[in-house]
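Structure first, then comments.
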Amino acid sequence: MSFTLATWNINSVRLREDIVAKLMADEAPDVLCLQECKSPVEKIPQEQFQSLGYTHMVARGQKGYNGVAIFSKIPMVEAGAEDYANLGHARHIAGKLENGVTVHNFYVPAGGDVADREVNEKFGQKLDYLAEMRDAFHKDAPKKSILVGDLNIAPREDDVWDHKKLLKVVSHTPVEVEALAEVQDAGAWVDVTRTDIPDGKLYSWWSYRAKDWDVADKGRRLDHVWATPDIAGAAHGSRVLRDARGWEKPSDHAPVFATFDL
DNA sequence: ATGGTCGCATCGCGA
């Protein structure tokens, strides 16, 4: 069977219910992973999504901040949720699809403005979160798994609009890039997006602060689709739906897609 | 070099 998965930092699922529904109607991924839902689970607007065929949901939520959800047309059993670095934040949810594939949906801490844990506690929390992700995948090797989400790190030079200008900017510092590589190595995760689209600039986020985001194109690839080696070869058709960044009242992130033929 | 924009626990904070 074949299924398509998308990941999207939605920046409030309640405010943007209609563009989530638009994505579901127009693009119809079988599985849609959202981050920054900014909603308690019980206030996630499920009715419209169910009517579009997304009859299965697993989610973790909190009021105002964070929050992750997986909507699926494929039956799903919840496999769990972790609170890495003990932040008490809703940043991870995992679901197991009935085809045996486990989907991990992450919202890694952004890390604040200063890339120094001595003066910026949030940066330390980001590094701690990544270290605990690494340790968890090292301890329990993932199989038949997909990891997606807003990882808040753009690892490659061509994942940012200007590598040199961003070397000291949180999301592209060498220490973060190394920490993300350690997570990836620990689970033997394959970067599906960059396997499919190996060359050229590729972004999934553009700041709200640039009114001419499309022309200026000062983007970063913060949103990722990874898979374990046993299913990574089945992946194809990766893309960023850049158009969605220009929709009415947009999120500052665009959805990232991949299809798996299993 | 600075400030710029969003969303919500809304006039401060996180992104």
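Each chain gets a letter, A, B and so on, in the order the sequences are listed, and its residues count up from 1.
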Counting just side-chain N and O atoms, does A:Lys249 come under 4.0 Å of either OP1 or OP2 of B:dC6? no

Integer-rounded Å distance: B:dC8 P and A:Gln62 CD: 14 Å

Atom CD1 of A:Ile153 to atom P of B:dA15: distance rounded to whole Å? 14 Å

Near A:Gln50 CD, under 6.0 Å, is it more than 12 heavy atoms from other residues, nucleotides or ligands? yes

What distance separates A:Asp230 CG from A:Ser145 OG, expressed to the nearest 0.5 Å? 7.5 Å

Separation of atom CG in A:Asp113 from atom C1' in B:dG14, rounded to whole Å: 9 Å

Kindly list each side-chain donor-acceptor pair under 3.5 angstrom involving residues 106-116 of chain A, sequence neighbours excluded, with atom names and distances?
residue  : atom : partner  : partner atom : Å
A:Tyr107 : OH   : A:Glu36  : OE1          : 3.4
A:Tyr107 : OH   : A:Glu36  : OE2          : 3.4
A:Asp116 : OD1  : A:Glu118 : N            : 2.8

Picking from B:dT5, B:dG14, B:dA15, the nucleotide nearest the side-chain atoms of A:Lys38 would be B:dG14

Which residues pass the salt bridge (charged side-chain N to carboxylate O under 4.0 Å, His left out) test with A:Arg220, sequence neighbours left out? none

Pairing residues for A:His89 by the side chain to side chain donor-acceptor pair (under 3.5 Å) criterion, not counting sequence neighbours: A:Arg91

Are A:His92 and A:Tyr129, when compared by the centres of their aromatic rings, separated by less than 6.0 Å? no

So, does A:Lys218 get its side chain near the phosphate of B:dG4, meaning an N or O under 4.0 Å from OP1 or OP2? no

Quick one: label A:Arg245 by what it contacts on the DNA or RNA (base, sugar-phosphate, nothing), any heavy atom closer than 4.0 Å. nothing

Hey, can you pull the residues of residues 9-17 of chain A with a non-hydrogen atom under 4.0 angstrom from DNA chain B? A:Asn11, A:Ser12, A:Leu15, A:Arg16

Could you go through nucleotides 1-3 of chain B and list every protein N or O atom that sits under 3.5 Å from one of its N or O atoms, giving the distance for each pair?
none

Nearest-Å distance, CD (A:Gln125) to C1' (B:dC13)? 14 Å

So, is A:Lys122 close to the B:dG14 phosphate, meaning a side-chain N or O under 4.0 Å from OP1 or OP2? yes

To the nearest angstrom, how far is A:Asp252 atom CG from B:dG7 atom P? 9 Å

Using the P atom as the point on both nucleotides, what is the distance between B:dA1 and B:dG12, in whole Å? 29 Å

Nucleotide nearest A:Tyr107 when distance is taken to its side chain, options B:dA15, B:dC6, B:dG7: B:dA15

Heavy atoms within less than 4.0 Å of DNA chain B: which residues of residues 164-179 of chain A have one? Give them sorted by number. none

Using the P atom on both, measure B:dG7 against B:dG3 and round to a whole Å. 23 Å

Mind jotting down which residue pairs meet the ring pair (Phe, Tyr, Trp, His ring centres under 6.0 Å) criterion with at least one end in residues 13-63 of chain A? Sequence neighbours excluded, please. A:Phe49-A:Phe71

Do the side-chain N and O atoms of A:Glu176 and A:Ser171 include a donor-acceptor pair separated by under 3.5 angstrom? no

Specify the separation, in whole Å, of atom NZ of A:Lys126 and atom C1' of B:dA15. 11 Å

Just how far, in rounded Å, is C1' of B:dG14 from CZ of A:Phe123? 17 Å

Any salt bridge (Lys or Arg N to Asp or Glu O under 4.0 Å) pairs touching residues 201-212 of chain A, not counting sequence neighbours? none

Go through the structure and list residues passing side chain to side chain contact (heavy atoms under 4.5 Å, CB included) with A:Lys63, not counting sequence neighbours. A:Pro40

Residue met sooner reading DNA chain B from 5', once A:Lys63 and A:Tyr208 are mapped to nucleotides: A:Tyr208

Sequence neighbours excluded - ring pair (Phe, Tyr, Trp, His ring centres under 6.0 Å) pairs with any residue from residues 139-188 of chain A: A:His163-A:His172

Can you check the distance between B:dC6 and B:dT2, where both ends of the measurement are the P atom (answer in whole Å)? 23 Å

From CZ of A:Arg209 across to P of B:dG7 the rounded distance in Å is 13 Å

For A:Tyr208, which fellow cluster members are found when Ile, Leu, Val, Met, Phe, Trp and Tyr are connected by side-chain heavy-atom distances below 4.5 angstrom, either directly or through intermediates? none

Using the side chain to side chain donor-acceptor pair (under 3.5 Å) criterion, which residues pair with A:Glu182? Sequence neighbours excluded. A:Arg134

